[in-house]
Amino acid sequence: MPKILFIHGPNLGRLGKRKPEIYGYETLAEITEKVEKAVKAKGCSLLAFQSNSEGDLIDFLEANLDAESAIVNPGALMMAGWSLYDALEAFPAPWVEVHLSNVWSREPFRHSSILSPLAKGVVAGFGTLGYLMAVQALIEEEPKT
Ligand code: DQA
């Protein structure tokens with residue numbers, strides 16, 4: 001069964017409690033359940049991982065290089081996570097970068113992601129729906145002609 005990675009970076013383990021007016025009231029466990037349902041309906045499995053440590057995220061990616069694709073919310077590592085950049089550059093499968101909030105409507109330091117050039121695409125500002133959009137983009141991609 002094709003495996004899809006669902007990766008969250010620093011501070012995202014506190015979703016639902018941390019700034020819910022920006023990130024929503026759903027916990028990461030609740031979001032993961034929704035995304036898992038969507039992925040399973042497409043005949044794939046979801047492997048979820050969250051860490052506040054960049055090194056742990058890299059270890060997780062290295063241990064799962066056989067994955068079909070990945071959905072990554074890097075949190076603030078979008079701005080300066082150069083080790084994560086290297087790990088994602090070495091990740092052989094397509095992945096989508098997701099941000100719950102519209103980072104461009106927020107503080108200027110959130111306006112650019114060093115990781116985005118490596119991603120297949122970026123979804124930001126749609127809350128949990130953004131993850132489901134990423135699932136659709138990765139699984140239901142039109143075949144290349
Ligand atoms: C975030 C946006 C980042 O700027 C922030 O550091 C986060 C969450 C989002 O999902 O909107 O931790 O990635």
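Each ligand, and each atom within it, is numbered from 1 in the order the structure gives. The chain is numbered in sequence order, starting from 1. All figures in this text were calculated on a predicted structure; none of them were measured in a lab.
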For E54, which residues count as a salt bridge (Lys or Arg N to Asp or Glu O under 4.0 Å) partner, sequence neighbours excluded? none
Which residues share a salt bridge (Lys or Arg N to Asp or Glu O under 4.0 Å) with K37, sequence neighbours left out: none
Do the rings of F60 and F49 sit parallel, tilted or perpendicular, given the 30° and 60° boundaries? parallel
Any protein N or O within less than 3.5 Å of an N or O in ligand 1? List each pair with its distance, or say none.
from	atom 1	to	atom 2	distance (Å)
ligand 1	4 (O)	R110	NH1	3.0
ligand 1	6 (O)	A76	N	3.2
ligand 1	6 (O)	R110	NH1	3.1
ligand 1	10 (O)	N73	ND2	2.9
ligand 1	10 (O)	L100	N	2.8
ligand 1	11 (O)	L100	N	3.3
ligand 1	11 (O)	S101	N	2.9
ligand 1	11 (O)	S101	OG	2.6
ligand 1	12 (O)	R18	NH1	3.1
ligand 1	12 (O)	R18	NH2	3.2
ligand 1	13 (O)	N73	OD1	2.8
ligand 1	13 (O)	H99	ND1	2.8

Grab the two heavy atoms, one from L138 and one from A70, that are nearest each other, plus how far apart they are. CD1-O, 3.5 Å
hydrophobic_cluster_shared for V39 and V98, side chain cutoff 4.5 Å: yes
Here the salt bridge (charged side-chain N to carboxylate O under 4.0 Å, His left out) pairs for residues 79-105, sequence neighbours left out, are none
